[in-house]
Protein chains: 2
Amino acid sequence: MTDRRDNGGTDDLEAALRGAGLRITRQRRVILAILAGGDDHPDALALFRRAARQDPSISLSTVYRTMKVLEERGAIQRHTFEGGPARFEPADGVHHDHLIDLDSGEVIEFRSERIEKLQDEIARELGYEIVSHRLELYGRRRK
Amino acid sequence: MTDRRDNGGTDDLEAALRGAGLRITRQRRVILAILAGGDDHPDALALFRRAARQDPSISLSTVYRTMKVLEERGAIQRHTFEGGPARFEPADGVHHDHLIDLDSGEVIEFRSERIEKLQDEIARELGYEIVSHRLELYGRRRK
DNA sequence: GTACATGCAAATGATTTGCACAAGA
DNA sequence: TCTTGTGCAAATCATTTGCATGTAC
């Protein structure tokens with residue numbers, strides 16, 4: 001047993017690349033392991049720094065390029081929270097929203113069936129079909 | 001009677017600047033009128049182009065600087081929808097969320113008391129206090 | 001007159017891209 | 001081998017800022 005999540009693990013990410021006829025390079029292997037291993041939402045620079053510890057030859061461009069292909073394959077999710085740079089997380093199949101801790105930058109995931117449903121109702125009333133949505137709560141720990 | 005909204009009109013915007021001891025310059029007057037007059041959500045460049053028609057000497061920097069002070073005074077809202085640059089709208093006092101038409105870029109405003117309430121409940125359950133939030137629906141017109 | 005505002009150009013920060021070389025399949 | 005990937009530097013995009021000059025109050 002491992003503490004790695006069932007989905008979004010290195011194997012799933014590798015499969016996403018392989019399935020598209022893309023290559024598993026030494027640097028991609030490192031990046032995928034970091035993505036799959038962590039349970040936070042790192043940005044490109046954080047990913048780059050962590051990767052560089054294992055392989056100092058990795059470049060920031062490669063991190064960005066890898067994020068782009070993984071996103072195109074639906075293997076990861078890209079989030080752009082207020083202010084900061086894009087942050088990434090392995091796609092876990094189940095959609096969820098985010099609560100961002102304004103003090104620490106920490107991201108807490110949550111999911112509300114009722115909110116999802118209400119969103120659909122609203123879109124329908126306005127004559128629209130939802131393609132995607134984003135719901136982000138920004139707050140601080142209650143004392 | 002005017003088709004200008006009750007709130008977020010030129011007068012409100014001017015008041016926001018005056019109240020902070022700031023000056024109403026020729027270029028600010030033009031920008032404020034455009035913001036107050038339109039009912040869309042223009043980005044800095046769009047604002048700049050419209051302003052330049054009335055006063056070709058206006059610079060993009062001034063648009064950005066004006067957006068910054070107005071935002072600091074709470075007179076306008078800045079939105080960063082997926083992808084694109086920041087877009088602005090006069091603050092109308094009542095909070096609302098947005099549905100973005102993926103084909104036209106058009107922004108439709110809506111408000112759901114029930115969603116607002118659910119968000120508060122969720123944050124509370126997670127031990128947080130919401131400072132702000134953003135809910136954006138991206139979709140296309142239903143045929 | 002004096003502090004605040006402006007235009008311009010240069011700086012910034014995040015991200016992307018062109019190119020010559022390297023390396024998976 | 002042949003195509004895809006990489007590092008590096010330069011380019012791009014949105015936005016900000018330094019500075020000398022202009023102007024609202």
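Nothing here was measured: the structure is a model prediction, and the numbers come from that model. Proteins get letters first, then strands, A, B, ... in listed order; numbering begins at 1 in each.
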Could you tell me whether A:Arg114 atom CZ has more than 12 heavy atoms of other residues or ligands within 6.0 Å of it? no

Other residues, nucleotides, ligands: >12 heavy atoms within 6.0 Å of A:Arg111 CZ: yes

Quick one: do A:His96 and A:Gln77 satisfy side-chain hydrogen bond (donor to acceptor under 3.5 Å, both in side chains)? Show the steps, please. CA-CA 11 Å; A:His96 56 251; A:Gln77 285 265 270; over 6 Å; no

Tell me whether the rings of A:His79 and A:Phe81 are parallel (<30°), tilted (30 to 60°) or perpendicular (>60°). parallel

What is the distance from [atom1] of [X] to [atom2] of [N], rounded to the nearest Å?
| X | N | atom1 | atom2 | result |
| --- | --- | --- | --- | --- |
| A:Leu60 | D:dA11 | CG | C1' | 15 Å |
| B:Met67 | C:dA5 | CE | P | 14 Å |
| B:Asp55 | C:dT6 | CG | C1' | 11 Å |
| A:Leu45 | C:dA14 | CG | C1' | 10 Å |
| B:Arg65 | C:dA9 | CZ | C1' | 12 Å |
| A:Ile24 | C:dG24 | CD1 | C1' | 10 Å |
| A:Arg26 | D:dG7 | CZ | C1' | 11 Å |
| A:Arg18 | D:dG5 | CZ | C1' | 15 Å |

Is the shortest side-chain N/O distance from [X] to OP1 or OP2 of [N] below 4.0 Å?
| X | N | result |
| --- | --- | --- |
| A:Lys68 | C:dT15 | no |
| B:Arg23 | C:dT6 | no |
| A:Gln27 | D:dG7 | yes |

Nearest of D:dT4, C:dT15, C:dA5 to any side-chain atom of A:Leu22? D:dT4

Taking only the side-chain heavy atoms of B:Thr62 (C-beta and beyond), determine which of D:dT6, C:dT6, D:dC8 contains the nearest atom. C:dT6

Residue closer to the 5' end of DNA chain D, A:Gly21 versus B:Ser61 (nearest nucleotide): A:Gly21

Taking for B:Tyr64 and for B:Arg29 the nucleotide of DNA chain D with the nearest heavy atom, the one nearer the 5' end belongs to B:Tyr64

Identify whether any heavy atom of B:Ile58 sits under 4.0 Å from a base atom; if not, whether one sits that close to sugar-phosphate; answer base, sugar-phosphate or nothing. sugar-phosphate

Could you tell me whether B:Thr25 contacts a base, only the sugar-phosphate backbone, or nothing, with contacts defined as non-hydrogen atoms closer than 4.0 Å? sugar-phosphate

Salt-bridge contact B:Glu129-A:Arg142 (side-chain N to carboxylate O under 4.0 Å): no

